[in-house]
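Working notes, structure below.
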There are 2 protein chains.
Amino acid sequence: MKIEESVSYLLAKLTVAHRNLLEKSVTQVGLHSGQVFVLMELWKQDGQRQIDLADKLNLAAPTVNKILGGLLEGDYVTRERYEDDGRSTRIFLTDKGENAKALVEEKWTEIEEQTVLGMSSTEALIFKQLLQKLMGADL
Amino acid sequence: MKIEESVSYLLAKLTVAHRNLLEKSVTQVGLHSGQVFVLMELWKQDGQRQIDLADKLNLAAPTVNKILGGLLEGDYVTRERYEDDGRSTRIFLTDKGENAKALVEEKWTEIEEQTVLGMSSTEALIFKQLLQKLMGADL
DNA sequence: ATTCAATGTTTAGCCGCCTAATAATCTAGC
DNA sequence: GCTAGATTATTAGGCGGCTAAACATTGAAT
């Protein structure tokens with residue numbers, strides 16, 4: 001099999017371009033891509049522990065910790081020790097963090113448009129389903 | 001639109017898992033994922049300049065430069081000044097670099113199997129075509 | 001009550017990407 | 001010939017991932 005024609009190769013290549021697109025876009029609202037994903041989890045449920053965020057985002061604990069450093073510095077979130085368990089901290093959105101949601105959603109529409117550019121809506125749907133399938137197979 | 005159901009979101013998430021799979025696999029033959037992609041270009045054509053590699057791989061020049069640092073240290077490639085143009089260097093495979101091809105191709109088969117796990121061969125084909133389409137749209 | 005394993009956070013350090021800025025060389029234009 | 005601009009490589013530094021290892025706390029077992 002030609003490596004260049006494998007799904008893995010194409011996916012890896014596409015990844016770089018897409019990550020660049022994502023980063024460039026969210027930079028316009030003052031965020032970085034990793035921060036956006038953490039914020040999304042907090043928008044769904046505020047006050048989560050770092051380990052919860054790491055589990056849901058499928059990221060290693062130090063990765064989440066590092067990203068939170070930036071969000072704390074940018075005043076998007078606050079960190080509080082968890083009374084029920086001294087090992088844990090809970091992360092809470094600030095007003096700024098909550099307000100960022102609308103900005104990100106707006107940007108995301110642009111990102112999505114550029115991502116599926118050149119695909120018909122049918123193709124986009126099929127593509128989405130296949131992506132979900134791959135995600136489910138937890139790779 | 002729900003961000004979590006967008007192609008962009010799913011793609012970004014899948015990316016992380018796939019990159020981890022790739023990295024873990026090629027580590028077993030003593031390489032890193034970035035190094036593999038550079039080597040692939042050299043296997044196609046030896047003696048290229050850094051800028052050529054960067055263009056073909058769609059990477060920034062400093063990225064290629066850094067990756068080459070690791071390949072040089074690992075004795076996979078050598079670097080020579082280009083006589084025709086003093087600004088450029090040419091990168092050449094060593095025996096070790098050439099021999100790595102077989103090892104990587106073997107590993108890649110495993111990677112591909114795990115990547116398309118859970119997809120029928122028809123689905124894999126469709127997926128591949130859509131990936132190529134996205135790549136072509138140069139995102 | 002003590003000890004020991006498990007859990008959660010953090011630090012250090014690595015690779016994969018990037019941009020910005022330098023230095024060196026080449027190329028044009030005058 | 002000389003200068004000005006383009007091109008190539010490199011360095012510095014940042015974010016997005018990771019692992020390994022240190023640390024504190026919890027919880028369980030004796």
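Below, chains carry the letters A, B, ... as their sequence lines are ordered, and counting in each starts from 1.
- In this structure, CD of B:Glu23 is placed 18 Å from P of D:dG16, rounded to the nearest angstrom.
- A distance-only check finds a donor-acceptor pair linking the side chain of A:Glu112 to the backbone of B:Val7 [under 3.5 Å].
- Side-chain heavy atoms closer than 4.5 Å link hydrophobic residues (I, L, V, M, F, W, Y) into clusters, and following such links, possibly through other members, connects B:Ile126 to B:Leu11.
- Residue A:Lys24 contributes atom NZ, which lies 17 Å from atom P of D:dG16 at whole-angstrom precision.
- In this structure, A:Tyr82 places its OH atom 14 Å from C1' of C:dT7, rounding to the nearest Å.
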Close N/O contacts between protein and nucleotides 5-9 of chain D (under 3.5 Å):
{"residue": "D:dT7", "atom": "O4'", "partner": "B:Arg87", "partner atom": "NH1", "Å": "3.4"}
{"residue": "D:dT7", "atom": "O2", "partner": "B:Arg87", "partner atom": "NH1", "Å": "3.2"}
{"residue": "D:dT8", "atom": "OP1", "partner": "B:Arg49", "partner atom": "NH1", "Å": "3.4"}
{"residue": "D:dT8", "atom": "O3'", "partner": "B:Ser88", "partner atom": "OG", "Å": "3.1"}
{"residue": "D:dA9", "atom": "OP1", "partner": "B:Gln50", "partner atom": "N", "Å": "3.3"}
{"residue": "D:dA9", "atom": "OP1", "partner": "B:Thr89", "partner atom": "N", "Å": "3.1"}
{"residue": "D:dA9", "atom": "OP1", "partner": "B:Thr89", "partner atom": "O", "Å": "3.4"}
{"residue": "D:dA9", "atom": "OP2", "partner": "B:Ile51", "partner atom": "N", "Å": "2.7"}

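- Ionic pairing of A:Glu5 and B:Lys128 is not present here: no N-O contact between side-chain nitrogen and carboxylate oxygen is shorter than 4.0 angstrom.
- Taking atom NZ on A:Lys66 and atom P on C:dC15, their separation rounds to 13 Å, with Å as the unit.
- Within 4.0 Å (heavy atoms only), A:Asn58 reaches sugar-phosphate atoms of the nucleic acid but no base atom.
- Taking atom CD of B:Glu73 as the reference point, atom C1' of C:dC14 lies 12 Å away to the nearest angstrom.
- Look at NE2 on B:His18: it is 15 Å from C1' on D:dG17, rounded to the nearest Å.
- Under a hydrophobic clustering in which Ile, Leu, Val, Met, Phe, Trp and Tyr are joined whenever their side-chain heavy atoms come within less than 4.5 Å, directly or via other members, B:Leu93 and B:Val29 fall into the same cluster.
- A:Gln50 and A:Thr89 share a side-chain donor-acceptor pair at under 3.5 Å.
- For B:Asn20 and C:dC15, the CG to P distance is 16 Å, given to the nearest whole Å.
- Contact between the side-chain N/O atoms of A:Thr63 and the OP1/OP2 oxygens of D:dC18 is found at a separation under 4.0 Å.
- The side chain of B:Pro62 has C:dA20 as its nearest neighbour among C:dG16, C:dA20, D:dG17.
- The distance between atom CZ of B:Phe37 and atom C1' of C:dG16, rounded to the nearest whole Å, is 11 Å.
- Linking Ile, Leu, Val, Met, Phe, Trp and Tyr residues whenever their side-chain heavy atoms come within less than 4.5 Å places B:Leu57 and A:Val16 in a single cluster.
- With hydrogens and angles left out, the side-chain atoms of B:Arg19 and B:Ser33 include a donor and acceptor closer than 3.5 Å.
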